[in-house]
Amino acid sequence: MRRVPQFVVLGLASWALVGGRGALAAQESPSAAAFGLLTSLVGHWKGVFRGTDIALTYTLTANSSALMEESRPKSEPVMITMFTVDGDHLIATHYCSARNQPHMKTEAITQRPTRQVTFTLERVTGMRTPDDWHNTGLVIILEDKDHLTQEWTYQVKGETGKNVFHFTREPDGVGS
C-alpha cells in the first residue's frame, strides 16, 4: 500500500476546513449575524453626556457567546449590559445603577442587520415600585466602525423619555 505524503493530507484538511467555514458562514442565522454586528464593538469607546465623560468597554465572554458592555460614567457607578443570541432574537440585560435590571429583546430577526439593532423591554426586575426609574428600550446604531450611537428610552412615574449617547472608538490600548 502506498503512503500519501503528510503535506498532501494536511493541505486537503486545510482546504476542507476553509471550505467548511465558508459553508458555515453562508448558513449563519440572521440573529447570529446581528450578534456579529455587535461584536464588532469590542474595544474601548468614549463619549460625553450632559457634561459627564463616559467610557464604554466591550468584551466578548463565555466562549464568545456573550458580549459585555461596561459603562463607566466619570464619578458615577459602573453599569453592565450583557448581549447574547436567543434563537431568532438577541437579548440584552442591563444591570443599572438605579439597581434594577431591564431585560430587553429584539423582534424576531429575519434579515441581516447592517448597522442598527433595536431592543424593547420584556420585563424588569429589582424595582421597588412601578414608578421607579427604569430603561424601556435601547437602539444601537453603528454610524461607522469608529462611531456609535445609543438611544436609551426610559420611564419614571408614568412619564417616558429618551437619552441619546454618541461614542467614538479609542485607539487600541487606550481606555483600560
Side-chain angles (χ1 to χ4, degrees), residues 31-87 89-107 109 113 115-176:
S31 57
F35 185 71
L37 180 67
L38 292 183
T39 65
S40 72
L41 298 172
V42 167
H44 301 283
W45 298 76
K46 65 179 178 180
V48 177
F49 181 73
R50 295 183 183 158
T52 299
D53 292 335
I54 302 173
L56 289 184
T57 302
Y58 287 94
T59 308
L60 277 172
T61 188
N63 197 25
S64 298
S65 68
L67 178 68
M68 179 174 74
E69 176 197 273
E70 182 178 31
S71 175
R72 290 185 171 272
K74 188 173 184 174
S75 304
E76 293 182 27
V78 173
M79 294 176 279
I80 301 287
T81 306
M82 298 297 294
F83 302 93
T84 193
V85 178
D86 183 27
H89 299 84
L90 294 185
I91 56 175
T93 302
H94 178 67
Y95 298 88
C96 190
S97 61
R99 297 186 178 208
N100 58 45
Q101 305 81 40
H103 303 272
M104 299 171 283
K105 177 175 160 178
T106 64
E107 295 290 323
I109 300 173
R115 56 177 226 124
Q116 179 173 310
V117 180
T118 301
F119 296 87
T120 56
L121 185 66
E122 275 214 308
R123 65 189 177 96
V124 61
T125 56
M127 288 179 39
R128 292 180 307 276
T129 74
D131 283 340
D132 287 352
W133 193 99
H134 61 283
N135 287 303
T136 58
L138 169 62
V139 179
I140 296 175
I141 305 165
L142 284 75
E143 306 295 342
D144 58 41
K145 71 180 188 72
D146 293 323
H147 297 93
L148 163 68
T149 298
Q150 292 183 346
E151 298 175 355
W152 288 89
T153 54
Y154 63 89
Q155 183 175 345
V156 59
K157 296 180 181 176
E159 299 293 321
T160 60
K162 182 192 305 189
N163 291 320
V164 179
F165 301 83
H166 300 282
F167 297 96
T168 302
R169 186 183 300 271
E170 293 198 281
D172 289 339
V174 176
S176 35

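Not a single donor-acceptor pair under 3.5 Å links the side chain of Ser31 to the backbone N or O of Val85. Within the 3.5 Å criterion, the main-chain N or O of Lys145 finds a donor-acceptor partner in the side chain of Arg169. Under a 3.5 Å cut-off, the side chain of Asn135 and the backbone N or O of Gly137 do not form any donor-acceptor pair.
In the model, Asp86 has no side-chain atom that pairs as donor or acceptor with a side-chain atom of His89 under 3.5 Å. No hydrogens or angles considered: a donor-acceptor pair under 3.5 Å links the side chains of Tyr58 and Glu69.
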Gln155/Thr160 under side chain to side chain donor-acceptor pair (under 3.5 Å): CA gap, chis, key distance, verdict: CA-CA 4 Å; Gln155 183 175 345; Thr160 60; over 6 Å; no

Working for side chain to side chain contact (heavy atoms under 4.5 Å, CB included), residues Thr81 and Trp152: CA-CA 12 Å; Thr81 306; Trp152 288 89; 3.9 Å; yes

Working for side chain to side chain contact (heavy atoms under 4.5 Å, CB included), residues Met127 and His134: CA-CA 8 Å; Met127 288 179 39; His134 61 283; 3.6 Å; yes

Criterion side chain to side chain contact (heavy atoms under 4.5 Å, CB included) on Val117 and Leu90, from CA distance to verdict: CA-CA 9 Å; Val117 180; Leu90 294 185; 4.0 Å; yes

From CA spacing to verdict: side chain to side chain contact (heavy atoms under 4.5 Å, CB included), Ile80, Met68: CA-CA 7 Å; Ile80 301 287; Met68 179 174 74; 3.7 Å; yes

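Side-chain atoms of Leu142 and Leu41, non-hydrogen and from C-beta on, do get closer than 4.5 Å to each other. Using a 4.5 Å cut-off on side-chain heavy atoms (C-beta onward), Val42 and Leu67 make contact. For the pair Leu56 and Leu148, the minimum side-chain heavy-atom distance is below 4.5 Å. Looking at heavy atoms from C-beta onward, Met104 lies in side-chain contact with His94 at the 4.5 angstrom threshold. Contact annotation: the side chain of Val164 approaches that of Thr149 to within less than 4.5 Å [non-hydrogen atoms, C-beta and beyond]. Proximity of Thr125 to Arg123: side-chain heavy atoms (C-beta onward) are separated by under 4.5 Å at one or more points. Put simply, the side chain of Ile54 reaches to within 4.5 Å of the side chain of Ser71, judged on heavy atoms. Put simply, the side chain of His103 does not reach to within 4.5 Å of the side chain of Val124, judged on heavy atoms.
Nearest heavy-atom pair, Ser64 versus Phe35, reported as atom, atom and distance to 0.1 Å: O-CE2, 3.6 Å. The minimum heavy-atom distance between Val156 and Trp133, with the atom names listed, is CB-CD1, 3.7 Å. Met82 and Ala66 get closest at one heavy-atom pair: CE-CB, 4.0 Å. Smallest separation of non-hydrogen atoms from Gly158 and Asp131: N-OD1, 4.2 Å. Here the shortest heavy-atom pairing between Pro102 and Asn100 reads CD-OD1, 3.5 Å.
Going from atom CZ of Phe119 over to atom OG1 of Thr93 covers 9.5 Å, rounded to the nearest 0.5 Å. Residue Lys46 holds its NZ atom at 6.5 Å from OG1 of Thr168, rounded to the nearest 0.5 Å. In this structure, CG in Asp146 is found 6.0 Å from CH2 in Trp45, a value given to the nearest 0.5 Å. Rounded to the nearest 0.5 angstrom, Met79 CE and Ser97 OG are separated by 4.0 Å. Here the CZ atom belonging to Phe165 is positioned 10.0 Å from the CG atom belonging to Leu138, to the nearest 0.5 angstrom.
A salt bridge links Glu70 and Arg72; the closest N-O separation between the charged side-chain nitrogens and carboxylate oxygens is under 4.0 Å.
The only member of Arg50, Glu151, Gln150 that meets side-chain hydrogen bond (donor to acceptor under 3.5 Å, both in side chains) when paired with Asn163 is Arg50.
Counting non-hydrogen atoms of neighbouring residues, nucleotides and ligands closer than 6.0 angstrom, the CD atom of Glu107 reaches no more than 12 such neighbours.
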